[in-house]
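Each remark here refers to the structure printed beneath this line.
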Amino acid sequence: MNLVVIVGGGHAAAEAAIALRIQGWEGDIKLISDEDVLPYQRPPLSKGYFHKTVTSAQLLIKKQALYEKANVDVMLGLSVVAIDRLSQTVTVSSGAIIGYSHLIIATGAQARILNIPGAELPCVSYLRTLNDANNIIANIKSNSHLLVIGAGYIGLELAASARKIGARVTILESFERVLSRVTNEQMSGFYQGLHKDNGVDLKLNIGIEEIHTTEDGYVATLNDGSNVAFDHTVVGIGVIPNTGLAEAAGLECDNGIVVNEHTLTSDPTIYAIGDVSNHPNEFYARNIRLESVPSAMEQAKVAAANICGKPKIHNSFPWFWSDQYDVKLQTAGLSQGYDETVVRGDMTQKKFALFYLKKGKIIAVDAINSPKDFMKAKALIPQGLTVSKDKLADITKNWFD
Amino acid sequence: MTIIKYVDAENNVTEVEAETGESIMSLAVNNMVDGIVGECGGAQACATCHCYLDNKYAKHFSEMSEMEEAMLESAPQRTETSRLSCQLMLKDDTPDIEVSLPSSQY
Ligand code: FES
């Protein structure tokens, strides 16, 4: 049998389906997604789609006509409930059993749920899906008060979008600074200033204890005893990889589904790609799991090539971006484990690059409105680059020459 | 019917029917034109949608923004006619266009 089954409906899944055809796969391809719409891009949900500059048609990663042309059987609104590795079949929520010669798991991640009294109220939402986004957009008006719980990228981007339409915004963060898991204190300070300057009420070091309804809306009780009245809240406190299916099938999992450099799991017929994969990274010499569209696309291409008998290694360098207000952040690399940082440029001008070094070697760069530094960093860091701190900080000369 | 012609570095030509509202990047991605990647989906964050647009076609598209210029500045294989194809939007009155592609987007 020559049939690739792809489980999931995000970037990795869509990309894999088409990449298989581009790589020359002649067998059948089935994509099974539990969402009721074709795979779409998630990054614009908190930005362009929120402001209606990106339409739902433009959100689609690939259009219907392409799946048809590529002869991909897209099965929407169905979830895979079990994998039987012995018989090489998956059981679908409709009861159907589908055999596979190769299986690609691209189940992504789900939002971490807020676990407090009142968290089940209709004013509480998460931003993962198009439905989530539609619900949030319908609930944030120019006269609304939006409560953002968690100051990660999603929370901050939504805060910026809500401010742009004039809504009142309060952000709650349990740590002492925003973006604490991905940036250093200086960068957190920069984003805190940016949001405050744009009229956001930012409360750090604060927890939320319960949410209850009032006569004209909702109130959150915080752990310092204070109350915040609001209309709608979006929770962005991290994600959990969707490994349930893989675990139940006995595949090795550890913060994601563990794969090798070919995106292959512990079963030689099953691949795992995208946000759900825990994969080796050569540059950082450790296993990583990323929440990243570019990485998902690359993993999809690698899996497709390997399935088509063209051995390929996944060795892409992680990068990310975030748009908030007039600030474009582009990050090359992962900063975890740095022992020094250098700022190049003027933070007050909102145009600078922050270099993260480890034992003198550059391991990551956060570039603020500095695409050139980002592009160079993305290309050069993987080659192993040691540049003196003075040179990095000297804006009169290129740091990369 | 308006045709967008993609010419890759080996002179392979792919002709695609234009669609209003699409960009030259999204049209390529939806028609398996391999030489355009478009990792960021048009957010001007990746420059993996780099193409070359002859000056004679420039007037049919909006001018380069500061961000596009800055992204292209360090893109591999940059030339005078470099553009980010995600910024080249197709309109009702766009004529036939030909773009060429670099040998790699990385
Ligand atoms: S698609 Fe990323 S810059 Fe054009």
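Convention: sequence-line order gives letters A, B, ...; per-chain numbering from 1.
Heavy atoms of A/Lys47 lying under 4.5 Å from chain B are absent altogether. For A/Phe374, the part lying under 4.5 angstrom from a heavy atom of chain B is the side chain only. Using a 4.5 Å cut-off between heavy atoms, B/Glu22 contacts chain A through its side chain alone, with no backbone atom that close. Using a 4.5 Å cut-off between heavy atoms, B/Asp34 touches chain A through its side chain atoms alone. Neither the backbone nor the side chain of A/Glu15 has a heavy atom closer than 4.5 Å to any heavy atom of chain B. Within the 4.5 angstrom heavy-atom criterion, no atom of A/Leu59 approaches chain B.
Considering all non-hydrogen atoms of both residues, A/Lys62 and B/Asn30 come closest at CA-OD1, 3.2 Å. In terms of heavy atoms, B/Gly41 sits closest to A/Gln41 at CA-OE1, 3.6 Å. The nearest pair of heavy atoms linking A/Lys328 to B/Ala43 is NZ-O, 2.8 Å.
Judged by distance alone, with hydrogens and angles left aside, the side-chain atoms of A/Gln58 form a donor-acceptor pair with the main-chain N or O of B/Gly21 at under 3.5 Å.
A/Trp319 places a side-chain heavy atom less than 4.5 Å from the side chain of B/Cys46. Using a 4.5 Å heavy-atom threshold, the side chains of A/Gln330 and B/Met71 count as touching. A/Met297 places none of its side-chain heavy atoms less than 4.5 Å from the side chain of B/Thr48.
Considering only heavy-atom pairs separated by less than 4.5 Å from chain A, the leading option among B/Ser26, B/Cys40, B/Ala75 is B/Cys40. The choice from A/Tyr67, A/Trp321, A/Phe320, A/Phe400 that makes the most heavy-atom pairs within less than 4.5 Å of chain B is A/Trp321.
Within 6.0 Å of CD1 on B/Ile3 lie more than 12 heavy atoms contributed by other residues, nucleotides or ligands. Within a 6.0 Å radius of NZ in A/Lys63, more than 12 heavy atoms belonging to other residues, nucleotides or ligands are found. Heavy atoms of other residues, nucleotides or ligands lying less than 6.0 angstrom from CD of A/Glu282 number 12 at most.
Under the salt bridge (charged side-chain N to carboxylate O under 4.0 Å, His left out) criterion, B/Glu39 pairs with no residue, sequence neighbours left out.
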